[in-house]
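Here is the structure we will look at, set down as structure tokens.
Please read these numbers as outputs of a predicted model, since none were measured by experiment. Both backbone and side-chain heavy atoms feed into the values below; hydrogens, waters and symmetry mates do not.
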Amino acid sequence: MATLSVTAAPSAWAGLRNDLIAAAVIAALGAIGYFVYPDDLAFLIRVIGLAFLVISLDLVTGYCGVATLGHAALFGVGAYAAGNFCLAGVTDPILMLLIGALAGTATGLVSGLLVTRFRGLPQLVLSIAFGQLVAALANKLSSITGGSDGLAGISPSPVFGIFNFDMFGRTGYVFSVIVLLVTMVTLLRFARSPFALMCRAIKDDTLRTRMIGVSVYPRLVVMYCVAGAVAGLGGALTAINTGVVGLDSVGFERSAEALIMLILGGAGNLWGALIGAILFELFHHYVSTASPFHWMILVGVLLIVVVLFFPKGLVNEVTRRISDFRQARAAR
């Protein structure tokens with residue numbers, strides 16, 4: 001018989017400790033990336049932007065069990081919104097992030113109202129249809145999106161009026177790491193909330209949650225809005241740093257890549273989403289450089305290995321095995 005996976009929230013001190021650890025880990029990863037890739041910070045900025053998309057996807061797929069292959073629409077709309085406001089004169093990067101998050105939230109609301117009404121295959125098909133609709137509109141509305149040429153000329157003002165976005169990406173990288181740190185800590189606290197725990201219960205057993213009086217549909221829509229805000233934030237961050245938004249930001253390929261990253265790291269775990277994005281992009285970066293024409297074959301092999309030996313994702317499997325090891329030592 002299926003059981004609900006709602007667990008007790010940690011104490012206030014334990015939650016604060018977890019937040020501090022999370023902040024320290026992300027700061028350490030950011031520092032390592034800066035010193036390992038000092039001449040390729042644009043690559044790391046791309047990884048951070050995609051990490052927002054994967055984390056957003058985890059909120060609806062890993063936490064709520066919503067099957068979607070059109071999630072890039074939320075990311076791309078956030079990027080286009082931030083870019084258009086920048087071209088209209090709103091050049092403050094903080095405001096651009098806020099605009100991207102609001103645009104992503106609105107897109108998540110529309111998408112969530114449609115997609116979460118169904119389950120299974122119809123849900124997946126609707127998510128693809130929504131993503132393709134947004135991609136088609138982005139291609140046709142060239143006056144807003146730039147069409148196939150992309151939306152170019154995005155030039156944000158200095159952060160707090162002091163730190164200019166330089167051509168080497170130093171300011172953009174530090175800015176991106178700080179935004180990721182704040183967002184990740186906030187979402188980790190959100191993941192421990194009763195609302196997020198109930199969403200996990202909905203994923204595990206929708207019928208039982210309905211029987212105890214939980215309104216399933218509104219909760220899923222709200223979670224979609226939260227995910228839209230995170231994806232829109234990532235899209236705006238990408239637009240700020242790259243200065244251009246292309247059709248690939250809303251394409252089906254971007255959605256499929258995000259799902260692959262989530263499977264690699266492990267769904268239902270925000271750390272899994274983050275690590276999955278990092279590992280996939282690193283693998284892509286090195287393998288595509290070594291074998292430009294056959295790297296997709298190696299990606300396929302990697303996914304087969306992960307699914308066969310780490311079916312719940314690398315982070316989830318490693319965490320489980322460490323827990324089993326500790327329990328075995330305590331039982332001795």
Side-chain angles (χ1 to χ4, degrees), residues 48-60 63-64 66 68 70-116 127 130-131 133-135 137-138 141 143-146 151 153-157 159-160 165 172 175-176 178-187 189-190 193 195-196 218-247 249-250 254-255 258 270:
I48 294 174
L50 290 176
F52 277 90
L53 174 60
V54 183
I55 292 169
S56 169
L57 178 62
D58 192 31
L59 290 175
V60 296
Y63 280 76
C64 299
V66 176
T68 172
H71 213 68
L74 285 62
F75 179 88
V77 168
Y80 278 121
N84 275 286
F85 270 87
C86 182
L87 294 176
V90 182
T91 59
D92 183 79
I94 306 298
L95 287 178
M96 291 175 66
L97 289 178
L98 179 60
I99 290 168
L102 290 175
T105 301
T107 309
L109 174 62
V110 175
S111 178
L113 287 172
L114 176 66
V115 173
T116 59
S127 70
F130 181 82
L133 175 62
V134 172
L137 288 174
L141 300 176
S143 60
I144 299 175
T145 65
L151 185 67
I154 302 170
S155 182
S157 58
V159 182
F160 302 122
F165 286 88
F175 180 66
S176 299
I178 292 174
V179 174
L180 176 63
L181 188 153
V182 173
T183 303
M184 191 70 176
V185 170
T186 303
L187 289 177
R189 293 185 68 86
F190 173 72
S193 68
F195 176 84
R219 288 178 182 272
L220 295 180
V221 173
V222 170
M223 184 61 95
Y224 232 104
C225 291
V226 175
V230 176
L233 198 63
L237 190 63
T238 301
I240 290 170
N241 284 291
T242 61
V244 63
V245 183
L247 290 177
S249 63
V250 293
R254 181 62 53 85
S255 297
L270 295 176

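- Formation of a donor-acceptor pair under 3.5 Å by the Asn241 side chain with backbone atoms of Leu237 is found in this model.
- Using a 4.5 Å cut-off on side-chain heavy atoms (C-beta onward), Val245 and Thr145 make no contact.
- In terms of heavy atoms, Ala79 sits closest to Gly235 at CB-O, 3.3 Å.
- Looking at every heavy atom in both residues, Met96 comes nearest to Val90 through CG-O, 3.6 Å.
- Side-chain contact check for Ile94 versus Phe175: some heavy-atom pair is nearer than 4.5 Å.
- Here the CG atom belonging to Leu102 is positioned 10.0 Å from the CG atom belonging to Leu233, to the nearest 0.5 angstrom.
- Annotation: the span from Tyr63 atom OH to Leu187 atom CG amounts to 8.5 Å, rounded to 0.5 Å.
- The line from CG of Leu133 to CG of Leu114 is 10.0 Å long, rounded to the nearest 0.5 Å.
- For the pair Arg254 and Ser249, the tightest heavy-atom approach, listed with the atom from each and the gap, is NH1-CA, 3.9 Å.
- Of all heavy-atom pairs spanning Ala227 and Leu59, the tightest one is CA-CD1, 3.9 Å.
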**Q.** Working for side chain to side chain contact (heavy atoms under 4.5 Å, CB included), residues Phe195 and Val222
**A.** CA-CA 10 Å; Phe195 176 84; Val222 170; 3.6 Å; yes
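- Side chains of Phe75 and Thr238 form a contact here, defined as non-hydrogen atoms less than 4.5 Å apart.
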Q: Show your reasoning for whether side chain to side chain contact (heavy atoms under 4.5 Å, CB included) applies to Leu87 and Leu151.
A: CA-CA 9 Å; Leu87 294 176; Leu151 185 67; 3.6 Å; yes
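- Under the side-chain contact (heavy atoms from CB on, under 4.5 Å) criterion, Cys64 pairs with Val66, Cys199, Leu220, Met223, sequence neighbours left out.
- Not counting sequence neighbours, Arg219 has no partner by the salt bridge (charged side-chain N to carboxylate O under 4.0 Å, His left out) test.
- In this structure, the side chains of Val110 and Phe130 come closer than 4.5 Å at one or more pairs of heavy atoms.
- Counting only distance, with no hydrogens or angles, the side chain of Ser111 and the backbone of Gly108 share no donor-acceptor pair below 3.5 Å.
- Checked options Thr91, Leu97, Ile154, Val179; the residue passing with Ile240 is Leu97 (criterion: side chain to side chain contact (heavy atoms under 4.5 Å, CB included)).
- Atom OG1 in Thr186 sits 9.0 Å away from atom CG in Leu181 (nearest 0.5 Å).
- In this structure, the side chain of Thr183 does not engage the main chain of Leu180 through any donor-acceptor pair within 3.5 Å.
- Between Ala138 and Val250, the shortest heavy-atom distance links the atoms CB-CG2, 4.1 Å.
- Of all non-hydrogen atoms in Ala231 and Leu74, the two that sit nearest each other are CB-CB, 3.8 Å.
- Using modelled atom types, no side-chain atom of Ser56 and backbone atom of Phe52 make a donor-acceptor pair closer than 3.5 Å.
- More than 12 heavy atoms of other residues, nucleotides or ligands shown are found within 6.0 angstrom of CZ on Phe165.
- Note: His71 and Tyr224 have tilted aromatic rings, judged against thresholds of 30 and 60 degrees for the angle between ring planes.
- At least one donor-acceptor pair closer than 3.5 Å links the side chain of Ser255 to the backbone N or O of Ala72.
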